[in-house]
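Residue numbers start from 1 in every chain, and the chains themselves are labelled A, B, ... in the order their sequence lines are given, proteins ahead of strands. Below, each value reflects all heavy atoms present in this structure, side chains not excepted, and no hydrogens, waters or symmetry copies.
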Amino acid sequence: MHKKWRKWSSLALSAVLVAVMLAGCSGNKNEGSSPDGSGGSETGSSQPADQALPEVDGKYSPEVTITNVRTLGDDVKFKDGEKIDDNVFTRWAKERLGINIKYLWTTPVANDAFKTKLTLSMSANEPLPDILEVKGTEAHALIESGKFQDAGALFDKYASDAYKKAMAEVPDAWLPYMRDGKRMAIPGIDYIMQHDDSMFIRQDWLDKLHLKAPTTIDEMEKVMDAFVNQDPDGNNKKDTYGMISTLKDNYNAWIGTGEIFGAYGAVPQIWEKDDKGDIVYGSVRPEIKQALGKLKEWIDKGYLHKEVALQDEMKAAELFISGKAGIAFGPTWLYNWPLQDVVKNVPGAIVKPYPLPAGPDGKIGQASEGTHSLVMLINKEMKHPEIYFKYINYLYDHYNDPEAGGEFEYGFAKGYDYDIVDGKPVFDPNIPGGYIDPAKYFLGIPPRTPSQFVKTLAELNGGKEPATPYEKKIAMSSTKQQMEAATIVVSQHQYTLDDLFTGAPTPTYKDKWQNLKKMEITAFTKILYGNASLDSFDDFVKDWNAAGGEQLTQEIREWYKTVKGE
Amino acid sequence: MNKAAYETKSGWNWKRNWQLHAMMVPAVVAILIFAYVPMLGVIMAFQDFKPWLGIGGSKWVGWDNFHKIFGQEDSLQVVWNTVILSAWKIAAGLVVPFVFALLLNEVRKLAFKRTVQTLVYLPHFLSWVILGGILIDMLSVDGGMVNRFLHNVFGIEPIFFLGNGDWFRFTVVVSHVWKEFGFGTIVFLATLAGINPSLYEAAVVDGANRWKQTLHITIPAMMPITIVIGTLALGGILNAGFDQIFNLYNSMVYEKGDIVDTFVYRTAIVQGNMGFGTAVGLFKSVIGMFLIVISYRMAYVWANYRIF
C-alpha cells in the first residue's frame, strides 16, 4: 500500500511539473502581448478614419488611446505607487489632452532587450504599437517591412508651427529615411553642437609651467612635451601624459582624436566631401597619412599612453580624472561628466576649455555627432495619427520654451522636477521630496529645438542676463566650463563635418563594410605602433579600394544624389 | 525462461514500471520544447530572414549565406585563429586539471585540500566583462602588476601582452585555464574518489611505491573520463570563447585573435543579418559533430572506450 502511494504521488508530481511548464510557456506569451490582454490599436475605432475626432476645450472627448512600447532603464524613477502607465505625465495627458497612453510592452535597457523583443513580436505577428521610436540605424529594416506610413506627409499636415520651425533648422535630418521621395520616419531631432568638441586643458598645469594654451598643433606639441617631461604634478616621477585619446576602433569617440586628423584636413571614419566636392571616405584621404605619422611620433615620445589602442573612453578618462594627463578633446558636457572628478582627486586642479588647435596649413576639423539618434515611426494601422501630433505639438508649443507664468514655467510638475518653497522655485537638489524627472515618462522622443540649448549656453556665457524661464533654468543648472565650451563650439561650428552617408546599408556596405573597417583599423594600428611603415598607408588605400571600397564609394555617391537631388 | 525473467531482460516492463516512465515525461517534454523545436530555426540559414516575414515568409536564398562565409577575405584567417586558440585551450584545459587533481589527491590534510579546491574554483564564477577590465590593468605595459613583477624579479623589459598577437594568444589561453581549471579539477577529483581502494592495497602488498601506484592504478583509472571530456570538448573546437576574446581583443591583435564568434558578432549580429548568423552556427555544429564522431571512434579503437 505504502509503495503504491509513493508511486502515485511521484506520478502526480510529474504531471504537475508538466502542467506548470506548459503554463509557464503560455504565461510568458500573455505577458508579452499586453498588460490587459487586448493589445493593438483601438484608437478611435468607433470613428470613421476620415472624420476629425471630436474635441471639447482642446481635449479629445470621448478620450482616445495611443499605444507605444518602450525601454525602462534604471534612470526612470517613480514616486510611490506610480508606474509607467499611471504617473504625473500620463494623468496630465489624459486631463489636458484627453489622450490615454498605453504601453503594449516594456523591456529593460540591458542586452539589447528592446531590439530582441521587437524582433520576436514582429515574427510572431503581434500587433505593433501606434507609434514606435527606435535608433536611426535600426529604422531601415523596419521601413523595409512596409508596416509604417508616410510620416513626412503627416508631419506636413499636422505638425505645429513651432515643431515645423524646429525641424526646418536641420533639413538633412530627414535624408536617411527618404524612400521614393517619401519621408518614412520622423527624426527625433536633438540639440545641435551639444556633442561638438573643444580642447579641455589642465589650466593649473599650464600656469605652473608658465605656458600659454596652444592654438596650433606645433604649440600643442610643446605644451605636451612640457606636460610629460617637466613634472607638472610635482611628484618627481615621469608619470604624466600630454593628452588622453582612444584609438581602439572609433577615432571620433566622445574622447576625441579626430581633431588631430582634422587639423591636417581630413576627418577619419566618416563620409565627407573632398576638395573637388565629391563624397569620399575620410580615412582613405591622403591627409590622414600625415596625421597618423604625427600620432605615431606622439606615442613614441610618450605624449599619448602606450595603450591608446586598448583604451575605451572611460579608461582614457581615468587618466585625466586621476590627474595624470593634461589635455582631452570632448563635447560640451565633458567637464560635467566625467572630467570634473579630477577636482575632487587632485587638490588645486583647474580645467578650462579652449578652441581646437589648427594644423600647419591653418586647418581645423572634427566630426559631428549628427542631428539625431532616435527616430519615430508611425504604424500604418493607426487611423488617427493626429493624436500623436496633438500631443507633441503641445509640448513644442508650451513646454520647450515655456512662457513666464505659464503651465510649465519652472518645469513639468510641482513636486517632481521643481517645487515652490517660501514662494520661490527650487530645483534639484533642493526639492523637499527629492528630484524626479517627469520628462523620462514622456511619450516617444522628448521634444527638442536643435538651436536651443548650446546657443543659449553661449549667450549666457557672453554675459546675457537670463530673461525667459528657459534661460533662467539653464543658467542655474550649468557649469562655467560647459558654458565656455558652448561659446567655443558655436564659434568653431563651421569646422564640424557631418557624416554625409546616413542612408540604409547599400549592397556592398552589407557585404563588405565590416571587412573594410577591420582592414582600416588594423592598418592604422600597425602604423601607429611602428609595425608597418608610414608608407604602408598608400598600400592600405589601394587594398581598401580593391576590396570593395571603390564600389562602396560609388554606391554612396549615388545614394547622396538621389536624396539630395543634385 | 519464465515470463518475469523475459520481461526484465527486454527492459520494457510497462505494466510494472509505467509510472517510472511517466516520471520521465517532464524531462522529455522540456527537451522537446527547448532543444528540438528551436532546431527548426536552422531553416533560417538558407533564407534572407526578415523578422516581420517570419520563417514561413522570408525569401529562400539557397547556399548564399554559406558562400558568404567563405567569400570574405579574412574568413580563413578567422577559422584558423579559432582552431588554434581552441586546440590550446582544450589541451591545456585537460592537462592542468588532471595534474592538479593528482597533486591535490596526495594532500593528506583535509581542511587544506578543501580550501585549495574552493579557491581555485572561484574564478569560474567571475564574468569576462569584469575580468577583461582587471586583466587590462594587470597586464598593462605601463605599471601593470605582471610587468612590474617580471621587471623587478627577472629584469625583463615590459611585455605587451594584449598588444602583440602571439602574446595575446598566450594570454588568452593562460587566463582561460586560470579561470576554468578549478571546475575541471572537481570532475577529476570525483573520479579519483571512485577508485576502488582494494586496488591500492593489493599494489602495496606487491611492493609498489606511491609513484608506481599513480602510474599503474590512478592514471589508467582516470583515462576514461579524460577521454570523455576531451571528446566532448572537440565538438566545441569552433567555439574559442566569445566573451573572453570580445573583452580582451583590440585592433592590434585582430590578425591572431579574431575568432569566428567575434567575426559573426560584427558581421551578423550588429547588422541584424540573422540568416548569416544562423548559417555560421550551423556550419560550426556540423564541423563539431564530425569531430565528435571521429574522436569517439578513435577513443573506441585506441582506448577501447565507449560512452554509450
Taking atom CD of Glu550(A) as the centre, report whether more than 12 heavy atoms of other residues, nucleotides or ligands fall under 6.0 Å from it.
no
Identify the two heavy atoms, one from Ser251(B) and one from Thr525(A), that lie closest to each other, and give their separation to 0.1 Å.
OG-OG1, 2.8 Å
Residues 142-156 of chain B: residues contacting chain A (heavy atom under 4.5 Å, by number):
Asp142(B)
Check each atom of Leu528(A) against the heavy atoms of chain B and say whether the ones under 4.5 Å are side chain, backbone, both or neither.
neither
Nearest atoms (heavy-atom pairs only) where Phe160(B) meets Lys306(A)
CZ-O, 4.0 Å
Please classify the contact of Asp511(A) with chain B as side chain, backbone, both or neither, using a heavy-atom distance under 4.5 Å.
both
Examine whether an atom of Asp258(B) lies under 4.5 Å from a heavy atom of chain A, and if so say whether it belongs to the side chain, the backbone or both; otherwise answer neither.
side chain
Quick check: closest heavy atoms across Ala141(A) and Trp52(B), and the distance to 0.1 Å?
O-CH2, 2.8 Å
Please determine whether the number of non-hydrogen atoms from other residues, nucleotides or ligands lying under 6.0 Å from atom CH2 of Trp513(A) exceeds 12.
yes
With a 4.5 angstrom heavy-atom cut-off, which part of Gln311(A) approaches chain B: side chain, backbone, both or neither?
neither
Looking only at heavy atoms, which of residues 42-51 of chain B get nearer than 4.5 Å to chain A?
Lys50(B), Pro51(B)
Roughly how far, to the nearest 0.5 Å, is the CD atom of Gln514(A) from the OH atom of Tyr265(B)?
10.0 Å
May I ask you to name which of Ser121(A), Ala309(A), Ala124(A) has the most heavy-atom pairs under 4.5 Å with chain B?
Ala309(A)
So which part of Lys315(A) gets closer than 4.5 Å to some heavy atom of chain B, the side chain, the backbone, both or neither?
side chain
When rounded to the nearest 0.5 Å, the distance separating CG of Asn250(B) from CG of Asp312(A) is 11.5 Å
Would you say the side-chain atoms of Ser140(B) and Glu307(A) include a donor-acceptor pair closer than 3.5 Å?
yes
Is it true that Lys526(A) and Glu255(B) make a salt bridge, defined as a side-chain N closer than 4.0 Å to a carboxylate O?
yes
Heavy-atom distance under 4.5 Å to chain A: side chain of Tyr249(B), backbone, both or neither?
backbone
Could you grab the distance from atom CG of Asp137(B) to atom CD of Glu318(A), nearest 0.5 Å is fine?
7.0 Å
Check the pair Lys518(A) / Val78(B) against side chain to side chain contact (heavy atoms under 4.5 Å, CB included), numbers first and verdict last.
CA-CA 12 Å; Lys518(A) 182 172 161 184; Val78(B) 162; 4.0 Å; yes
Enclosure of Lys517(A) NZ (heavy-atom neighbours >12, cutoff 6.0 Å):
no
Check whether Val28(B) gets within reach of chain A through its side chain, its backbone, both or neither, counting any heavy atom under 4.5 Å.
neither
Separation between CG of Leu310(A) and CE of Met252(B), rounded to the nearest 0.5 Å
4.5 Å
